[in-house]
Amino acid sequence: MDVAQWTQTPDGWSEAPADVLAGAKRSALDALSTDSDRPAHERLADFYDRSGDYAGASFTELGPFERDDITAVDLHATTLLSVNIGPGATRRLLHPSVARHKTVDALRAIPDSDLLVAGPRVLQAMESLYLNIMVAFSGPTTENPDDWEAASKLCARKRPNLFPVRNEVVRGYLGLRSEAGRDDYRVDWQVFRALISDRDLMEAIDRLTPLISEVAMWRKVQTETTRLRILDTALSTWVRSGP
């Protein structure tokens with residue numbers, strides 16, 4: 001029987017091990033729980049409260065939004081997730097340069113898709129954008145030339161239905177840290193793809209939206225709409241001491 005393309009990986013990619021997938025699912029279900037001492041719907045209501053000081057939906061919705069370009073608004077929105085984008089990286093991404101040209105070309109080449117159904121062609125296009133942004137972030141003025149967290153978050157800003165917001169704490173919680181401590185984005189993307197296609201997790205995510213509205217009460221709470229974004233937020237707020 002043919003294997004669905006959205007479970008496949010590009011040639012040469014290592015597949016996410018079954019035990020890693022199983023462990024990540026267990027951890028994600030804990031983060032999505034509504035009956036813990038820090039229920040998911042209460043954390044997300046705080047995070048998406050527009051009167052509060054958390055990034056909320058502003059990360060993906062802050063405008064004006066140019067789908068196929070990198071703008072100053074994109075860089076500002078990315079910094080809302082507690083990353084620093086320095087002067088050199090800003091110039092390389094916004095001013096005419098080889099790095100900007102290649103990054104924008106890679107952005108425009110990504111098919112209109114969702115991580116849930118991302119097959120090898122989409123994953124390769126995601127990789128091209130991610131690696132070009134990594135190059136743009138690298139330079140003599142960059143404190144950390146391997147700033148994969150900032151690159152991941154900028155990718156998620158530009159294609160929020162495809163890229164998870166990755167950081168070291170969430171990766172550790174999901175059991176995704178490699179032995180060498182390197183950034184293995186290929187495995188991470190496969191794990192998140194598997195999580196948002198898992199029936200138990202889909203049901204856990206979908207039940208949060210009405211519960212968030214209930215606990216929000218008088219507050220103006222604007223949540224994000226896709227399972228990937230809700231899962232991302234549930235994970236990041238679970239591993240931190242606050243929303």
Is a side-chain donor or acceptor of [X] paired with a backbone partner of [Y] at a separation under 3.5 angstrom?
X	Y	value
Glu149	Glu168	yes
Arg229	Pro160	yes
Arg92	Ser138	yes
Arg193	Ala118	yes
Arg43	Thr233	no
Asn167	Val170	yes
Asp232	Val165	yes
Arg207	Thr34	no
Arg171	Arg166	no

To check you understand the geometry: which heavy-atom pair defines the closest contact between [X] and [Y], and what is its length?
X	Y	result
Ala28	Leu201	CB-CD2, 3.7 Å
Leu235	Ala31	CD2-CB, 3.8 Å
Ile205	Leu32	CG1-CD1, 3.8 Å
Leu154	Thr78	CD1-OG1, 3.5 Å

- What residue among Phe59, Trp189, Tyr130 forms ring pair (Phe, Tyr, Trp, His ring centres under 6.0 Å) with Phe163? Trp189
- Message: Looking only at the aromatic ring of each residue, does the gap between the centers of Phe137 and Trp148 stay below 6.0 angstrom?
- Response: no
- Checking Lys158 against Phe65: charged group under 6.0 Å from the ring centre and within 45 degrees of the axis?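 Output yes; distance and angle both within limits.
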Identify each donor-acceptor pair in which a side-chain atom of residues 12-26 lies under 3.5 Å from a protein atom, sequence neighbours left out, and give them as a table.
{"from": "Lys25", "atom 1": "NZ", "to": "Asp198", "atom 2": "OD1", "distance (Å)": "3.1"}
{"from": "Lys25", "atom 1": "NZ", "to": "Asp198", "atom 2": "OD2", "distance (Å)": "3.4"}
{"from": "Lys25", "atom 1": "NZ", "to": "Asp200", "atom 2": "OD2", "distance (Å)": "2.9"}

- Message: I'd like to know if Leu81 and Leu62 are part of one continuous hydrophobic network [Ile/Leu/Val/Met/Phe/Trp/Tyr, side-chain heavy atoms within less than 4.5 Å].
- Response: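 No, Leu62 and Leu81 fall in different hydrophobic clusters.
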- Query: If Ile, Leu, Val, Met, Phe, Trp and Tyr residues are connected whenever their side-chain heavy atoms lie under 4.5 Å apart, and connections chain through other members, are Val239 and Leu174 in the same group?
  - Reply: yes
- Query: Between Glu127 and Arg186, does a salt bridge (Lys or Arg N to Asp or Glu O under 4.0 Å) hold up when you go through it step by step?
  - Reply: CA-CA 8 Å; Glu127 181 177 53; Arg186 292 174 170 179; 2.8 Å; yes
[atom2] on [Y] to [atom1] on [X], rounded to 0.5 Å:
X	Y	atom1	atom2	value
Asp46	His41	CG	NE2	10.5 Å
Asn132	Met134	CG	CE	11.0 Å
Arg100	Leu107	CZ	CG	10.0 Å

- Is atom CZ of Arg199 surrounded by more than 12 heavy atoms (other residues, nucleotides or ligands) closer than 6.0 Å?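 Result for CZ/Arg199: open.
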- Message: Once side-chain hydrogen bond (donor to acceptor under 3.5 Å, both in side chains) is applied, do any residues pair with Asp30, and if so which ones, sequence neighbours excluded?
- Response: none
- Residues which pass side-chain hydrogen bond (donor to acceptor under 3.5 Å, both in side chains) with Thr209, listed by chain and number, not counting sequence neighbours: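 Applying side-chain hydrogen bond (donor to acceptor under 3.5 Å, both in side chains) to Thr209 gives none.
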- Task: Walk me through it: do Asp49 and Lys220 pass the test salt bridge (Lys or Arg N to Asp or Glu O under 4.0 Å)?
- Result: CA-CA 6 Å; Asp49 181 356; Lys220 186 177 181 180; over 6 Å; no
